[in-house]
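What follows is a set of notes on a single structure, which appears directly below.
Chain letters run A, B, ... following the sequence lines, proteins first, then strands; residues in each count from 1. Note that this is a predicted model, so its numbers are computed, not measured.
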Amino acid sequence: MLNKKGVRQVLDTLEEMFPDAKCELTHSNEFELLVAVILSAQATDALVNKVTPDLFEKYHTPEDYLAVSLEELQQDIRRIGLYRNKAKNIRKMSADLVEKYDGKVPSSYDELINLAGVGRKTANVVMSVAFDEPAIAVDTHVERVSKRLGICRWKDSVLEVEKTLMRKIPEEEWSDTHHRMIFFGRYHCKAKTPNCPECPLLEICREGQKRMKKRG
DNA sequence: AACTCGGGGCA
DNA sequence: TGCCCAGAGTT
């Protein structure tokens with residue numbers, strides 16, 4: 001397990017690599033962000049960004065999503081995986097919004113996560129991006145990077161990873177670090193082909209050193 | 001904790 | 001072709 005100094009070095013290095021990392025989902029208000037994040041489950045943000053321009057031109061409010069049939073909405077997001085469930089979730093979420101919050105997006109984590117189709121990760125991203133609240137959501141990238149670098153243990157559950165990160169990282173750095181770890185995981189520390197030889201964190205990364213030895 | 005939904009991107 | 005992806009609900 002990485003000590004405090006090691007974690008500090010990781011945070012500083014990530015900042016150097018991705019000084020202005022931020023959510024890449026295109027949106028112009030909280031509601032669009034919420035829809036985009038729901039669509040992005042198990043899909044790449046690049047794909048989501050190809051679909052949302054047309055989608056957001058057609059739908060502007062929760063009422064708009066409820067005004068068409070489920071089948072029509074499903075067709076509109078057909079290019080994104082899991083589209084049948086996502087269309088259902090977007091409609092449930094929209095109905096919740098209209099019923100409980102007068103069609104507006106609530107600004108607390110507890111309210112967000114209680115919306116149908118909104119889970120821990122979606123609520124976290126919306127809080128951090130739309131409302132600028134400190135948040136860390138452990139997705140596949142964050143989990144993989146944290147384990148490889150030794151910020152947490154290999155056997156930690158997602159919840160344990162999240163708790164460890166929140167304990168070891170200063171709260172004011174949660175959001176930036178979250179986005180930077182995702183960028184790092186996507187572009188450098190990839191699941192199958194991590195670029196260890198050119199990694200600035202190689203000297204403190206056990207997994208990286210192990211892989212370099214293996215390669216010879 | 002494991003399973004299901006799922007088309008597109010990439011090697 | 002096969003594997004993976006800014007996840008959530010159900011059992």
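- In this structure, A/Arg79 places its CZ atom 16 Å from C1' of C/dC5, rounding to the nearest Å.
- Contact annotation for A/Thr193: no contact, since no heavy-atom pair falls under 4.0 Å across all strands.
- In this entry the distance linking CZ of A/Arg120 with P of C/dG7 reads 13 Å, nearest Å.
- C/dT10 sits 14 Å from B/dG6 when the P atoms are compared, rounded to a whole Å.
- When the side chains of ILVMFWY residues are joined at heavy-atom separations under 4.5 Å, either directly or via intervening members, A/Val35 and A/Phe131 end up in a single hydrophobic cluster.
- Each of A/Leu25 and A/Val118 has a nearest nucleotide on DNA chain C; the 5'-most of these lies closest to A/Leu25.
- Place A/Phe183 and A/Ala116 on DNA chain C by their nearest nucleotides, and A/Phe183 ends up nearer the 5' end.
- By the criterion of side-chain heavy atoms lying less than 4.5 angstrom apart, applied directly or through intervening Ile, Leu, Val, Met, Phe, Trp or Tyr residues, A/Tyr187 is grouped together with A/Leu149 in one hydrophobic cluster.
- In terms of modelled atom types and a separation under 3.5 Å, the side chain of A/Thr61 and the main chain of A/Asp64 share a donor-acceptor contact.
- The nearest whole Å value for the distance from the CG atom in A/Leu39 to the P atom in C/dC5 is 19 Å.
- Residue A/Gln42 has a polar side-chain atom (N or O) positioned under 4.0 Å from OP1 or OP2 of C/dG7.
- As judged by a 4.0 angstrom heavy-atom cut-off over every strand, A/Lys50 is placed among residues touching the sugar-phosphate backbone only.
- Residue A/Asn85 is classed as a base contact, given a heavy-atom separation below 4.0 Å to a base.
- Under 4.0 angstrom from either OP1 or OP2 of C/dA8 there lies no side-chain N or O belonging to A/Arg84.
- With hydrogens and angles ignored, the 3.5 Å screen pairs no side-chain donor or acceptor of A/Glu173 with any backbone N or O of A/Ile169.
- We find that A/Lys100 and A/Glu111 are not joined by a salt bridge, their nearest charged nitrogen and carboxylate oxygen being 4.0 Å or further apart.
- The nearest whole Å value for the distance from the CG atom in A/Asn114 to the P atom in C/dA8 is 13 Å.
- Residue A/Leu159 contributes atom CG, which lies 16 Å from atom P of C/dG7 at whole-angstrom precision.
- Cluster annotation: A/Leu66 is not connected to A/Ile77 through the hydrophobic network of ILVMFWY side chains, with a link wherever side-chain heavy atoms come within less than 4.5 Å.
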Inset, instruction - Any chance you could lay out the side-chain contact (heavy atoms from CB on, under 4.5 Å) test for A/Thr44 and A/Arg186, step after step, and finish with the verdict? - result: CA-CA 10 Å; A/Thr44 61; A/Arg186 286 199 76 192; 4.2 Å; yes
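- Between the P atom of C/dC5 and the CG atom of A/Asp139 lies a distance of 10 Å, rounded to the nearest Å.
- Of all nucleotides in DNA chain B having an atom under 4.0 Å from a heavy atom of chain A, the first and last in 5' to 3' order are B/dC5 to B/dG9.
- At a threshold of 4.0 angstrom between heavy atoms, the contacts of A/Val142 with the nucleic acid are absent.
- When heavy atoms are screened at a 4.0 angstrom cut-off, A/Ala191 is found touching the sugar-phosphate backbone but no base atom.
- A/Lys88 comes within 4.0 angstrom of no nucleic acid atom, judged by non-hydrogen atoms across all strands.
- Place A/Gly81 and A/Lys190 on DNA chain B by their nearest nucleotides, and A/Gly81 ends up nearer the 5' end.
- When heavy atoms are screened at a 4.0 angstrom cut-off, A/Leu47 is found touching the sugar-phosphate backbone but no base atom.
- Separating the CG atom of A/Leu82 from the P atom of C/dC5 is a distance of 13 Å, rounded to the nearest angstrom.
- Between the CD1 atom of A/Ile113 and the C1' atom of C/dA8 there is a distance of 10 Å, rounded to whole Å.
- One side chain, A/Gln75 or A/Arg78, offers a donor N or O that lies under 3.5 Å from an acceptor on the other.
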